[in-house]
Amino acid sequence: MRISTLFGKPSKNEGVDYKIDSHRLLTQAGFIRESTAGRYYLLPLGIKVHDKIEAIVRKHMNAAGAQEVVMPVLHPLELWQETNRTTTTGFELMKITDRRGADFALGGTAEEMAVDLVRKFNISYKDLPFNIYQFSMKFRDEMRARGGLLRVREFVMKDAYSFSTEEQFKKIYEAMWKAYVAIFEELGMKVDVVAADNGYIGGEYCHEFVSEGENGESRYFIDEKSGYAAHEDVATFKIDDKNLDDREEKMEERKAERGPTMEDGVKLHGLPLWQQMKDVLYFDEATKRYVLAVIRGDLDVNETKLMQKAGAWDLRSATEEEIRDDLASEPGFICPVNFTKKGKETGFPVIIVADKSLRTVKNMYGGANQKHLDLTNINIDRDWQPDLEADIAMAAPGMLSPDGGKLVEKRGIEVGNIFQLGYHYTNLMHDAEYTDEKGTRQKYYMGCYGIGIGRTLAAIVEAHHDDRGIIWPKAVAPASVYLARLGVSKETTEVADKLYETLLERHIDVLYDDRDARPGEKFADADLIGVPYRVVVSDKLVTSKKFELKARGSDTLELLTQSELLAKLAS
RNA sequence: CGGGGCGUGGCGCAGUCCGGUUAGCGCGCGCGGUUUGGGACCGCGAGGUCGAAGGUUCGAAUCCUUUCGCCCCGACCA
């Protein structure tokens with residue numbers, strides 16, 4: 001490919017103020033161009049990398065026994081209604097109506113479509129297991145797109161859906177896990193595999209593949225000794241017992257002229273933070289219930305865990321008015337002791353969820369549901385009873401992992417994930433069944449597996465760049481050689497043109513900078529675009545019949561004859 | 001959706017508060033010339049219904065109303 005005729009040439013004054021490196025570099029180097037927020041044009045250089053990533057993903061999916069299909073982008077809305085996901089999805093569905101009034105969702109993920117496809121066939125246990133996948137444009141009406149390709153509203157995703165018996169499932173899940181490890185390794189990426197929350201996808205467990213980096217949106221914890229790795233939403237930790245040997249003292253009311261914060265309580269009572277009760281009140285818009293989360297004072301409530309344990313979908317903080325007027329309590333002085341069981345005005349029920357950390361401490365203190373009144377020596381069971389006890393605590397750096405090592409906090413970009421879906425969809429959708437050995441109908445046990453191609457592309461750039469530009473791993477580089485012709489003499493031009501032809505004949509992918517530009521500009525663009533090798537043909541070098549070779553990311557220059565050069569580039 | 005900022009040639013901006021000739025500047029682009037190993041220089045030139053609609057006014061990029069879009073921070077995810 002000749003730079004002189006390339007559509008989408010590098011431009012240094014494009015996107016200069018973009019905050020995210022991959023966003024800026026991909027824009028300046030001419031890989032992408034923004035259309036509107038969260039929607040991008042992929043330019044000729046960009047699609048080359050995108051295609052290479054797809055090819056690698058495809059190779060490993062096929063090797064793992066998955067079979068490629070293509071599904072429609074418009075999904076009949078009935079399918080989403082069948083699984084209730086018109087209301088429960090985390091991303092807003094994009095909807096479309098055709099001229100006959102039929103409603104469709106623009107596909108954001110395709111579990112329902114996969115099930116619908118499979119149930120169009122008469123499948124026997126002999127056909128199991130199987131795993132079908134596709135590359136297709138996904139649409140998500142994200143509230144806020146950000147970071148260039150890192151979070152967009154339209155993107156190509158590889159999504160796979162496995163159908164099997166429950167017994168067969170584990171093997172498939174592991175095969176996908178292994179395939180993902182191989183994919184990201186071949187892509188030149190270091191990823192952590194992190195246990196995570198299933199969210200709106202459903203099912204019981206899942207793992208995210210996270211490319212570590214400052215700009216990542218995923219926060220997770222790792223125990224570097226044992227390898228335990230979990231997203232902050234699900235990370236668990238060992239809780240230390242505090243004062244369990246103490247005798248339970250008599251609960252007492254105490255005047256408390258204090259502010260509403262935890263620190264105010266510590267100061268007033270002169271007792272440790274961990275002995276204080278933290279009470280956080282939520283309202284779930286989906287089920288119209290209040291949820292009172294109670295936890296040890298030195299810990300924070302993990303809202304993802306809370307939602308899962310309490311069966312809530314759409315949790316928000318309760319307002320001060322709700323606390324005062326509907327629940328007859330007081331912000332900063334909420335307490336589960338004698339807490340009202342339903343809203344005075346609204347009649348909405350209250351569910352009290354206790355974190356298991358409350359079992360590690362006795363004689364706690366906290367508010368008394370009245371301004372400037374506290375309780376001391378509160379003990380669970382004796383003084384109050386939760387409706388539900390569960391782990392609803394947020395892990396923090398330095399805590400001990402379930403395996404005993406220290407938890408380290410990391411950030412990263414979620415580039416792929418694998419989900420156990422179980423019977424979630426096959427229970428919700430009719431006829432999602434095969435015939436077993438005895439001739440009876442059985443539900444499929446499912447899994448799904450996604451990789452965002454564009455995000456992966458951006459994550460590679462995040463991980464591989466310097467202040468001059470991108471440094472592509474060989475496997476995905478838009479070309480392997482940047483051939484820069486310096487000088488305009490007839491001889492130099494002829495030698496450079498000839499080398500370009502020779503490289504093409506040998507199927508060495510080359511970007512030929514044949515522009516009539518100054519050396520500085522060519523070197524700068526070579527560094528910006530970031531292909532693995534730069535070859536220079538110049539007026540100085542033609543007389544000696546040598547070519548200069550330099551690897552991107554290194555400062556070493558080599559002078560080589562043409563045969564030496566070709567041998568090196570072919571390897 | 002909440003909070004903050006911004007829409008002026010392809011890109012980055014000035015001008016807007018306080019209305020008044022032909023709307024400027026830098027980069028880029030085109031032509032001519034001098035240059036050619038880390039983003040050169042000189043000359044000439046093209047390119048703008050000032051996001052959109054409505055209003056106020058003798059007169060609007062500038063004031064008012066409405067609206068659309070974009071960026072940054074939060075709640076979501078491949």
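Quick note on labels: first sequence line is chain A, next is B, and so on, each numbered from 1.
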Chemist: Any strand is fair game: report the nucleotide pairing with B/rC70 by Watson-Crick or G-U wobble, both distances under 3.5 Å, or none.
Modeler: B/rG5
Chemist: Considering Watson-Crick and G-U wobble pairs with both distances under 3.5 Å, what does B/rG30 pair with?
Modeler: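 Result: B/rC44.
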Chemist: To the nearest angstrom, how far is A/Asp467 atom CG from B/rG38 atom C1'?
Modeler: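 From A/Asp467 CG to B/rG38 C1': 13 Å.
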Chemist: Taking the side chain of A/Lys540 as its heavy atoms from C-beta onward, which of B/rC70, B/rA78, B/rG37 lies nearest to it?
Modeler: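 Out of B/rC70, B/rA78, B/rG37, the nucleotide with an atom closest to A/Lys540's side chain is B/rG37.
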Chemist: Anything under 30° is parallel, anything over 60° is perpendicular, the rest tilted; go ahead and classify A/Trp177 against A/Phe209.
Modeler: perpendicular
Chemist: Scan A/Leu541 against the nucleic acid and name what it touches under 4.0 Å (heavy atoms): base, sugar-phosphate only, or nothing.
Modeler: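 If one applies the 4.0 Å heavy-atom cut-off, A/Leu541 turns out to touch a base.
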Chemist: Report yes if the distance between the aromatic ring centroids of A/Tyr449 and A/Tyr180 is under 6.0 Å, otherwise no.
Modeler: no
Chemist: Taking the side chain of A/Asn13 as its heavy atoms from C-beta onward, which of B/rA78, B/rG39, B/rC11 lies nearest to it?
Modeler: B/rC11
Chemist: Using a distance-only test with no angle check, is there a side-chain donor-acceptor pair under 3.5 angstrom linking A/Glu112 and A/His75?
Modeler: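 No.
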Chemist: Can you tell me, in whole Å, how much space there is between the P of B/rC1 and that of B/rC17?
Modeler: 31 Å
Chemist: Which part of the nucleic acid does A/Ser11 contact within heavy-atom distance under 4.0 Å: base, sugar-phosphate only, or nothing?
Modeler: nothing
Chemist: Which part of the nucleic acid does A/Asp525 contact within heavy-atom distance under 4.0 Å: base, sugar-phosphate only, or nothing?
Modeler: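 A/Asp525: base contact, heavy atoms under 4.0 Å.
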Chemist: Could you identify which residues of residues 22-34 of chain A place a heavy atom less than 4.0 Å from some atom of RNA chain B, listed by residue number, or say none?
Modeler: A/Arg33, A/Glu34
Chemist: Any side-chain N or O of A/Arg518 below 4.0 angstrom from OP1/OP2 of B/rA40?
Modeler: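 It does, given that an N or O in the side chain of A/Arg518 lies less than 4.0 Å from OP1 or OP2 of B/rA40.
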Chemist: OP1 or OP2 of B/rA78 sitting under 4.0 Å from any side-chain N/O of A/Asn417?
Modeler: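 Yes, A/Asn417 has a side-chain N/O under 4.0 Å of OP1/OP2 on B/rA78.
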Chemist: Parallel, tilted or perpendicular: which describes the rings of A/His23 and A/Tyr40, with under 30° parallel and over 60° perpendicular?
Modeler: perpendicular
Chemist: With rounding to whole Å, what would you report as the distance between B/rC25 and B/rG9 at their P atoms?
Modeler: 15 Å
Chemist: Please report the distance separating the C1' of B/rC70 from the corresponding atom of B/rG24, rounded so that it comes out in whole Å.
Modeler: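 It works out to 24 Å between them.
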Chemist: Under 4.0 Å between any heavy atoms, over every strand shown, what does A/Val536 touch: base, sugar-phosphate, or nothing? Just pick one.
Modeler: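 It contacts base atoms.
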Chemist: Any Lys/Arg nitrogen of A/Lys309 or A/Asp355 sitting under 4.0 Å from an Asp/Glu carboxylate oxygen of the other?
Modeler: no
Chemist: Would you compute the distance between atom CD of A/Glu322 and atom CZ of A/Phe348 and round it to the nearest 0.5 angstrom?
Modeler: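 Nearest 0.5 Å value for the CD-CZ distance: 8.5 Å.
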Chemist: Quiz question: going by heavy-atom distance under 3.5 Å, is there a donor-acceptor pair between the base of B/rG37 and the side chain of A/Ser538?
Modeler: yes
Chemist: Would one find more than 12 heavy atoms of other residues, nucleotides or ligands at under 6.0 Å from atom NZ of A/Lys568?
Modeler: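 No, the 6.0 Å shell around NZ holds no more than 12 heavy atoms from other groups.
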Chemist: Mind checking A/Arg153 for me? I need base, sugar-phosphate or nothing, with any heavy atom below 4.0 Å counting as a touch.
Modeler: nothing
Chemist: Does the ring center of A/Tyr173 lie less than 6.0 Å from the ring center of A/Tyr205?
Modeler: yes
Chemist: Take the protein atom CG of A/Asp516 and the nucleotide atom C1' of B/rG33, then report the distance between them rounded to whole Å.
Modeler: 13 Å
Chemist: If you look at every strand shown and take non-hydrogen atoms under 4.0 Å, does A/Val156 touch a base, only sugar-phosphate, or nothing?
Modeler: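 Counting heavy atoms under 4.0 Å across all strands, no contact is made by A/Val156.
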Chemist: As a test of reading the structure: which of B/rG39, B/rC77, B/rG37 is closest to the side chain of A/Pro519, going by heavy atoms?
Modeler: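 That would be B/rG37.
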Chemist: If I pick the P atom on B/rU65 and the same atom on B/rG26, what distance separates them, to the nearest angstrom?
Modeler: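 To the nearest whole Å, 36 Å.
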Chemist: Give none if B/rU35 has no partner; otherwise give the nucleotide forming a Watson-Crick or G-U wobble pair with it, both distances under 3.5 Å.
Modeler: none
Chemist: Given A/Thr109 and A/Tyr161, is the side-chain contact (heavy atoms from CB on, under 4.5 Å) satisfied, shown in steps?
Modeler: CA-CA 11 Å; A/Thr109 170; A/Tyr161 306 89; 3.8 Å; yes
Chemist: Under a 3.5 Å limit for both distances, which nucleotide forms a Watson-Crick or G-U wobble pair with B/rU22, could you say?
Modeler: none
Chemist: Would you measure the distance from the P atom in B/rC63 across to the matching atom in B/rG20 and give it in whole Å?
Modeler: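 The answer is 11 Å between these two P atoms.
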Chemist: Considering only B/rC77, B/rG37, B/rG74, which nucleotide approaches the side chain of A/Arg144 most closely?
Modeler: B/rG74
Chemist: Could you state the atom-to-atom distance from CD1 of A/Ile413 to C1' of B/rA78 in whole Å?
Modeler: 11 Å
Chemist: Could you tell me how far apart A/His231 (NE2) and B/rA78 (C1') are, to the nearest whole angstrom?
Modeler: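 After rounding, the gap between these two atoms is 13 Å.
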Chemist: Verify whether one side chain among A/Tyr220 and A/Glu208 offers a donor that lies under 3.5 Å from an acceptor in the other.
Modeler: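 No.
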Chemist: From the set B/rG37, B/rC73, B/rC77, return the single nucleotide nearest to any side-chain atom of A/Arg534.
Modeler: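 Among the listed nucleotides, the one closest to the side chain of A/Arg534 is B/rG37.
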Chemist: Could you check whether A/Ala524 gets within reach of a base, just the sugar-phosphate, or nothing at all, counting any heavy atom under 4.0 Å?
Modeler: base
Chemist: In whole angstrom, what separates A/Asp555's CG from B/rG38's P?
Modeler: 14 Å
Chemist: Is B/rU56 paired to anything, Watson-Crick or G-U wobble with both distances less than 3.5 Å, and if yes, which nucleotide?
Modeler: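 Because no pair has both required distances under 3.5 Å, B/rU56 counts as unpaired.
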Chemist: B/rA61 and B/rU22: how far apart are their C1' atoms, nearest whole angstrom?
Modeler: 15 Å
Chemist: A/Arg455 side chain N/O closer than 4.0 Å to the phosphate oxygens (OP1, OP2) of B/rC77?
Modeler: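 No, no such contact exists.
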Chemist: Quote, to the nearest angstrom, the P distance that separates B/rC73 from B/rG33.
Modeler: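 These two P atoms come out 50 Å apart once rounded.
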Chemist: Kindly state whether the pair A/Phe523 / B/rG37 counts as stacked, where counting means centroids closer than 5.5 Å and planes tilted less than 30° apart.
Modeler: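 Whether judged by distance or by angle, A/Phe523 falls short somewhere, so it does not stack on the base of B/rG37.
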Chemist: In whole angstrom, give the distance that lies between atom CZ of A/Arg146 and atom C1' of B/rC72.
Modeler: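 Answer to the nearest Å: 10 Å.
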Chemist: Expressed in whole Å, how much space separates the C1' atoms belonging to B/rA40 and B/rG3?
Modeler: 47 Å
Chemist: Taking only the side-chain heavy atoms of A/Glu521 (C-beta and beyond), determine which of B/rG39, B/rC70, B/rC73 contains the nearest atom.
Modeler: B/rG39
Chemist: Is there a side-chain contact (heavy atoms from CB on, under 4.5 Å) between A/Glu54 and A/Val156 once you walk through the steps?
Modeler: CA-CA 9 Å; A/Glu54 266 194 28; A/Val156 172; 3.8 Å; yes
Chemist: Can you tell me how far C1' of B/rC29 sits from CD of A/Glu14, to the nearest Å?
Modeler: 13 Å
Chemist: Would you mind classifying the nucleic acid contact of A/Asp159 as base, sugar-phosphate or nothing, using non-hydrogen atoms under 4.0 angstrom?
Modeler: nothing
Chemist: To the nearest Å, give me how far apart NZ (A/Lys522) and P (B/rA40) are.
Modeler: 13 Å
Chemist: Would you mind telling me which residue lines up with the more 5' stretch of RNA chain B, A/Lys12 or A/Gly38, judged by nearest nucleotide?
Modeler: A/Lys12
Chemist: So does A/Asp539 reach the base of B/rG37 with its side chain, donor to acceptor, closer than 3.5 Å?
Modeler: no
